[in-house]
Number of protein chains: 2
Amino acid sequence: MKENKTIGEILRENREKKGLLLRHVSAKLDIDTAILSKIERSERKATKEQILKLAEILDLDKDNLLIQYLSEKILYEIKDEALGSKALKVAEQKMKYINKNKSRK
Amino acid sequence: MKENKTIGEILRENREKKGLLLRHVSAKLDIDTAILSKIERSERKATKEQILKLAEILDLDKDNLLIQYLSEKILYEIKDEALGSKALKVAEQKMKYINKNKSRK
DNA sequence: TTACACTTGACAATTAATGTCAAATATATT
DNA sequence: AATATATTTGACATTAATTGTCAAGTGTAA
(Lines give C-alpha, C1' and ligand atoms only; values in the text may rest on other atoms or scores of the structure.)
Protein backbone atom coordinates (compact mmCIF):
# COMPACT_ATOMS: atom_id res chain seq x y z
CA MET A 1 0.00 0.00 0.00
CA LYS A 2 2.47 2.62 -1.17
CA GLU A 3 0.43 5.76 -1.06
CA ASN A 4 2.68 8.59 -0.03
CA LYS A 5 4.60 10.18 -2.81
CA THR A 6 6.08 13.62 -2.62
CA ILE A 7 5.09 16.16 -5.22
CA GLY A 8 8.60 15.86 -6.53
CA GLU A 9 8.20 12.14 -7.08
CA ILE A 10 4.89 12.66 -8.82
CA LEU A 11 6.40 15.26 -11.11
CA ARG A 12 9.42 13.18 -12.00
CA GLU A 13 7.43 10.02 -12.63
CA ASN A 14 5.04 11.79 -14.91
CA ARG A 15 7.69 13.72 -16.74
CA GLU A 16 9.57 10.50 -17.46
CA LYS A 17 6.38 8.71 -18.39
CA LYS A 18 5.94 11.33 -21.08
CA GLY A 19 9.55 11.01 -22.19
CA LEU A 20 10.29 14.63 -21.45
CA LEU A 21 13.68 15.91 -20.35
CA LEU A 22 14.25 18.43 -17.55
CA ARG A 23 15.32 20.76 -20.33
CA HIS A 24 11.98 20.52 -22.09
CA VAL A 25 9.86 21.10 -19.04
CA SER A 26 12.02 23.75 -17.43
CA ALA A 27 11.96 25.69 -20.70
CA LYS A 28 8.18 25.78 -20.55
CA LEU A 29 8.36 26.92 -16.95
CA ASP A 30 10.98 29.46 -17.92
CA ILE A 31 13.43 28.43 -15.23
CA ASP A 32 16.82 26.78 -15.15
CA THR A 33 16.88 22.98 -15.26
CA ALA A 34 18.73 23.08 -11.97
CA ILE A 35 15.65 24.30 -10.16
CA LEU A 36 13.35 21.75 -11.66
CA SER A 37 15.84 19.06 -10.79
CA LYS A 38 15.78 20.29 -7.21
CA ILE A 39 12.02 20.49 -7.11
CA GLU A 40 11.73 16.90 -8.28
CA ARG A 41 14.10 15.78 -5.56
CA SER A 42 12.31 17.85 -2.90
CA GLU A 43 15.34 20.03 -2.42
CA ARG A 44 13.36 23.13 -3.32
CA LYS A 45 9.72 24.06 -3.22
CA ALA A 46 7.91 25.02 -6.38
CA THR A 47 5.76 28.11 -6.58
CA LYS A 48 2.02 27.78 -6.97
CA GLU A 49 2.28 29.08 -10.54
CA GLN A 50 4.85 26.44 -11.39
CA ILE A 51 2.64 23.72 -9.98
CA LEU A 52 -0.27 24.86 -12.11
CA LYS A 53 1.86 24.99 -15.22
CA LEU A 54 3.30 21.58 -14.45
CA ALA A 55 -0.17 20.14 -14.15
CA GLU A 56 -0.86 21.37 -17.65
CA ILE A 57 2.43 20.22 -19.12
CA LEU A 58 2.18 16.78 -17.58
CA ASP A 59 -1.59 16.38 -17.96
CA LEU A 60 -2.20 16.05 -14.27
CA ASP A 61 -5.30 17.04 -12.36
CA LYS A 62 -4.78 20.61 -11.20
CA ASP A 63 -6.83 20.44 -8.04
CA ASN A 64 -5.22 17.25 -6.98
CA LEU A 65 -1.70 18.48 -7.56
CA LEU A 66 -2.48 21.74 -5.80
CA ILE A 67 -3.82 19.90 -2.78
CA GLN A 68 -0.64 17.85 -2.59
CA TYR A 69 1.39 21.00 -2.95
CA LEU A 70 -0.47 22.91 -0.26
CA SER A 71 -0.39 19.99 2.14
CA GLU A 72 3.39 19.86 1.77
CA LYS A 73 3.59 23.56 2.45
CA ILE A 74 1.55 23.09 5.60
CA LEU A 75 3.75 20.25 6.79
CA TYR A 76 6.81 22.32 6.04
CA GLU A 77 5.57 24.94 8.50
CA ILE A 78 5.49 22.49 11.37
CA LYS A 79 8.13 19.98 10.42
CA ASP A 80 10.43 20.89 13.31
CA GLU A 81 7.69 21.50 15.86
CA ALA A 82 7.02 19.00 18.61
CA LEU A 83 3.50 20.36 18.82
CA GLY A 84 2.92 20.23 15.08
CA SER A 85 0.33 17.47 15.19
CA LYS A 86 -1.73 19.28 17.79
CA ALA A 87 -1.45 22.53 15.88
CA LEU A 88 -2.77 20.80 12.78
CA LYS A 89 -5.80 19.52 14.65
CA VAL A 90 -6.51 22.94 16.09
CA ALA A 91 -6.13 24.46 12.63
CA GLU A 92 -8.78 22.08 11.34
CA GLN A 93 -11.15 23.02 14.14
CA LYS A 94 -10.65 26.68 13.39
CA MET A 95 -11.16 26.01 9.72
CA LYS A 96 -14.48 24.34 10.49
CA TYR A 97 -15.50 27.29 12.59
CA ILE A 98 -14.58 29.70 9.82
CA ASN A 99 -16.49 27.75 7.21
CA LYS A 100 -19.50 27.43 9.46
CA ASN A 101 -19.70 31.19 9.92
CA LYS A 102 -18.80 32.09 6.38
CA SER A 103 -22.20 33.14 5.12
CA ARG A 104 -23.21 34.96 8.27
CA LYS A 105 -23.22 38.69 8.59
CA MET B 1 -19.92 29.11 23.40
CA LYS B 2 -17.36 31.73 22.37
CA GLU B 3 -14.37 29.60 21.76
CA ASN B 4 -12.38 31.12 18.97
CA LYS B 5 -10.06 33.89 19.97
CA THR B 6 -7.11 34.95 17.91
CA ILE B 7 -3.70 34.92 19.52
CA GLY B 8 -3.85 38.67 19.37
CA GLU B 9 -7.04 38.76 21.41
CA ILE B 10 -5.58 36.37 23.94
CA LEU B 11 -2.48 38.50 24.30
CA ARG B 12 -4.35 41.74 24.66
CA GLU B 13 -6.84 40.37 27.18
CA ASN B 14 -4.12 38.96 29.35
CA ARG B 15 -1.92 42.02 29.11
CA GLU B 16 -4.79 44.22 30.22
CA LYS B 17 -5.79 41.76 32.92
CA LYS B 18 -2.32 42.25 34.34
CA GLY B 19 -2.57 46.02 34.00
CA LEU B 20 0.44 46.18 31.70
CA LEU B 21 0.88 48.75 28.95
CA LEU B 22 2.10 48.04 25.43
CA ARG B 23 5.18 49.93 26.48
CA HIS B 24 5.94 47.58 29.35
CA VAL B 25 5.52 44.42 27.39
CA SER B 26 7.17 45.60 24.20
CA ALA B 27 10.18 46.69 26.23
CA LYS B 28 10.58 43.16 27.53
CA LEU B 29 10.26 41.83 24.01
CA ASP B 30 12.72 44.46 22.83
CA ILE B 31 10.53 45.72 20.01
CA ASP B 32 8.64 48.90 19.29
CA THR B 33 5.16 49.25 20.80
CA ALA B 34 3.85 49.65 17.27
CA ILE B 35 4.60 46.04 16.47
CA LEU B 36 3.04 44.68 19.60
CA SER B 37 -0.02 46.78 18.93
CA LYS B 38 -0.22 45.26 15.47
CA ILE B 39 0.30 41.74 16.75
CA GLU B 40 -2.54 42.16 19.22
CA ARG B 41 -4.83 43.34 16.44
CA SER B 42 -3.71 40.52 14.12
CA GLU B 43 -2.19 42.97 11.72
CA ARG B 44 1.21 41.35 12.06
CA LYS B 45 2.39 37.90 13.02
CA ALA B 46 4.62 37.41 16.02
CA THR B 47 7.75 35.34 15.82
CA LYS B 48 7.97 32.07 17.70
CA GLU B 49 10.46 33.62 20.10
CA GLN B 50 8.10 36.49 20.84
CA ILE B 51 5.27 34.08 21.56
CA LEU B 52 7.42 32.16 24.04
CA LYS B 53 8.48 35.34 25.79
CA LEU B 54 4.91 36.58 25.87
CA ALA B 55 3.81 33.35 27.51
CA GLU B 56 6.33 34.03 30.26
CA ILE B 57 5.49 37.68 30.65
CA LEU B 58 1.75 37.06 30.78
CA ASP B 59 1.91 33.77 32.71
CA LEU B 60 0.28 31.78 29.95
CA ASP B 61 0.80 28.13 29.15
CA LYS B 62 3.60 27.94 26.62
CA ASP B 63 2.48 24.83 24.81
CA ASN B 64 -1.03 26.08 24.53
CA LEU B 65 -0.02 29.46 23.19
CA LEU B 66 2.40 27.86 20.78
CA ILE B 67 -0.29 25.56 19.45
CA GLN B 68 -2.56 28.52 18.86
CA TYR B 69 0.27 30.34 17.17
CA LEU B 70 1.22 27.47 14.88
CA SER B 71 -2.37 26.79 13.95
CA GLU B 72 -2.74 30.40 12.87
CA LYS B 73 0.40 30.11 10.82
CA ILE B 74 -1.03 27.05 9.12
CA LEU B 75 -4.30 28.77 8.37
CA TYR B 76 -2.41 31.74 7.04
CA GLU B 77 -0.81 29.51 4.44
CA ILE B 78 -4.15 28.48 3.00
CA LYS B 79 -6.37 31.44 3.78
CA ASP B 80 -6.86 32.38 0.14
CA GLU B 81 -7.00 28.85 -1.20
CA ALA B 82 -10.27 27.32 -2.28
CA LEU B 83 -8.73 23.91 -1.66
CA GLY B 84 -7.39 24.81 1.75
CA SER B 85 -9.70 22.55 3.69
CA LYS B 86 -8.82 19.57 1.59
CA ALA B 87 -5.14 20.37 1.82
CA LEU B 88 -5.42 20.45 5.59
CA LYS B 89 -6.98 17.01 5.66
CA VAL B 90 -4.31 15.61 3.39
CA ALA B 91 -1.65 17.19 5.56
CA GLU B 92 -3.08 15.39 8.56
CA GLN B 93 -3.05 12.08 6.73
CA LYS B 94 0.55 12.60 5.76
CA MET B 95 1.38 13.57 9.30
CA LYS B 96 -0.10 10.33 10.56
CA TYR B 97 1.90 8.42 8.02
CA ILE B 98 5.07 10.19 9.09
CA ASN B 99 4.45 9.54 12.77
CA LYS B 100 3.62 5.92 12.14
CA ASN B 101 6.92 5.37 10.38
CA LYS B 102 8.98 7.51 12.70
CA SER B 103 10.72 4.83 14.70
CA ARG B 104 11.34 2.57 11.73
CA LYS B 105 14.71 2.28 10.15
C1' DT C 1 36.44 9.93 -25.44
C1' DT C 2 32.51 12.17 -26.64
C1' DA C 3 27.93 13.31 -25.87
C1' DC C 4 24.13 14.01 -23.12
C1' DA C 5 21.11 14.26 -18.87
C1' DC C 6 21.14 15.43 -14.58
C1' DT C 7 23.12 17.25 -10.09
C1' DT C 8 25.61 20.24 -7.03
C1' DG C 9 27.02 24.34 -4.78
C1' DA C 10 28.38 29.17 -4.80
C1' DC C 11 26.31 33.12 -5.36
C1' DA C 12 22.89 36.96 -7.31
C1' DA C 13 18.29 38.84 -7.53
C1' DT C 14 13.88 39.24 -5.79
C1' DT C 15 10.29 39.14 -2.51
C1' DA C 16 8.46 38.76 2.10
C1' DA C 17 9.00 39.44 7.04
C1' DT C 18 10.32 42.21 10.70
C1' DG C 19 11.50 46.38 12.54
C1' DT C 20 11.90 51.82 13.53
C1' DC C 21 10.11 56.25 13.68
C1' DA C 22 7.09 60.19 13.72
C1' DA C 23 2.73 61.85 13.21
C1' DA C 24 -2.29 60.92 14.00
C1' DT C 25 -5.89 59.44 16.95
C1' DA C 26 -8.22 58.29 20.98
C1' DT C 27 -9.08 58.75 25.98
C1' DA C 28 -8.85 60.54 30.30
C1' DT C 29 -7.53 64.38 33.61
C1' DT C 30 -6.89 69.02 35.19
C1' DA D 1 -10.39 73.46 26.27
C1' DA D 2 -5.71 72.23 27.05
C1' DT D 3 -2.49 68.72 28.53
C1' DA D 4 -0.96 64.18 29.22
C1' DT D 5 -0.72 59.48 28.16
C1' DA D 6 -1.77 55.17 25.46
C1' DT D 7 -2.50 53.33 21.29
C1' DT D 8 -2.69 53.27 16.23
C1' DT D 9 -1.27 54.22 11.58
C1' DG D 10 1.56 54.44 7.62
C1' DA D 11 5.92 55.46 5.30
C1' DC D 12 10.06 53.62 5.16
C1' DA D 13 14.62 50.79 6.50
C1' DT D 14 16.65 46.44 7.59
C1' DT D 15 16.98 41.71 7.50
C1' DA D 16 15.97 37.14 6.26
C1' DA D 17 13.95 33.77 3.17
C1' DT D 18 12.88 32.43 -1.42
C1' DT D 19 13.75 31.98 -6.01
C1' DG D 20 16.80 32.14 -9.53
C1' DT D 21 21.41 31.79 -12.59
C1' DC D 22 25.62 29.85 -13.77
C1' DA D 23 29.47 26.80 -14.24
C1' DA D 24 31.63 22.89 -12.92
C1' DG D 25 30.84 18.07 -11.49
C1' DT D 26 28.89 13.25 -11.81
C1' DG D 27 26.93 9.34 -14.15
C1' DT D 28 25.81 6.70 -18.15
C1' DA D 29 25.72 5.14 -22.58
C1' DA D 30 27.15 5.30 -27.42
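Only heavy atoms go into these numbers, but all of them, side chains included; no hydrogens, no water, no symmetry mates.
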When rounded to the nearest 0.5 angstrom, what is the spacing between [atom1] in [X] and [atom2] in [Y]?
X     : Y     : atom1 : atom2 : answer
B:D59 : B:N14 : CG    : CG    : 9.0 Å
B:K62 : B:L54 : NZ    : CG    : 11.0 Å
A:I39 : A:T47 : CD1   : OG1   : 7.0 Å

Examine [N]: is either OP1 or OP2 under 4.0 Å from a nitrogen or oxygen in the side chain of [X]? Give yes or no.
X     : N      : result
A:Q50 : D:dT18 : no
A:R23 : C:dC6  : no
B:R15 : D:dT7  : yes
A:R44 : D:dT21 : no
A:S37 : C:dC6  : no

Tell me the interatomic distance from [X], atom [atom1], to [N], atom [atom2], rounded to whole angstroms.
X     : N      : atom1 : atom2 : result
A:I39 : D:dT19 : CD1   : C1'   : 9 Å
A:K73 : C:dA16 : NZ    : P     : 10 Å
B:L29 : C:dT20 : CG    : P     : 11 Å
A:E16 : C:dC6  : CD    : C1'   : 11 Å
B:K38 : D:dC12 : NZ    : P     : 13 Å
B:E49 : D:dA16 : CD    : P     : 12 Å
B:I31 : C:dT18 : CD1   : P     : 11 Å
B:L36 : C:dT20 : CG    : P     : 12 Å

Which of these nucleotides, [options], is closest to any side-chain atom of [X]?
X     : options               : result
B:K45 : C:dA17, D:dT19, C:dT7 : C:dA17
A:L21 : D:dT18, D:dG20, C:dA5 : C:dA5
B:I35 : D:dT9, C:dT20, C:dT7  : C:dT20
A:R12 : C:dC4, D:dT8, C:dT7   : C:dT7

Identify whether any heavy atom of B:E40 sits under 4.0 Å from a base atom; if not, whether one sits that close to sugar-phosphate; answer base, sugar-phosphate or nothing.
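Nothing, no nucleic acid heavy atom in range.
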
Residue pairs, two or more places apart or on separate chains, that pass side chain to side chain donor-acceptor pair (under 3.5 Å) and touch residues 26-40 of chain A:
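Listed by first then second residue: A:R12-A:E40, A:R15-A:E40, A:S37-A:R41.
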
Cation-pi, A:Y97 ring and A:K94 (6.0 angstrom, 45 degrees):
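Judged by the rule, A:K94 and A:Y97 form no cation-pi pair.
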
Please say whether the positively charged group of B:K73, taken as NZ for Lys or CZ for Arg, lies over the ring of B:Y76, i.e. under 6.0 angstrom from the six-membered ring centre and within 45 degrees of the axis.
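No, B:K73 and B:Y76 do not form such a contact.
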
Can B:L11 and B:L65 be said to form a side chain to side chain contact (heavy atoms under 4.5 Å, CB included), step by step?
CA-CA 9 Å; B:L11 294 175; B:L65 202 62; 4.2 Å; yes

How do B:E43 and A:D32 order along DNA chain D: which one's closest nucleotide is nearer the 5' end?
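Whichever sits nearer the 5' end wins; that is B:E43.
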
Between A:L22 and B:T33, who's closer to the 5' end of DNA chain C by nearest nucleotide?
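So the residue in question is A:L22.
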
Could you tell me, to 10°, how much the axis swings from one end of the helix from C:dT1-D:dA30 to C:dT30-D:dA1 to the other, five pairs per end?
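Computed angle between terminal axes is 10°.
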
Hey, mind stepping through A:V90 and B:Q68 against side chain to side chain contact (heavy atoms under 4.5 Å, CB included) and telling me if it holds?
CA-CA 7 Å; A:V90 172; B:Q68 294 304 317; 4.1 Å; yes

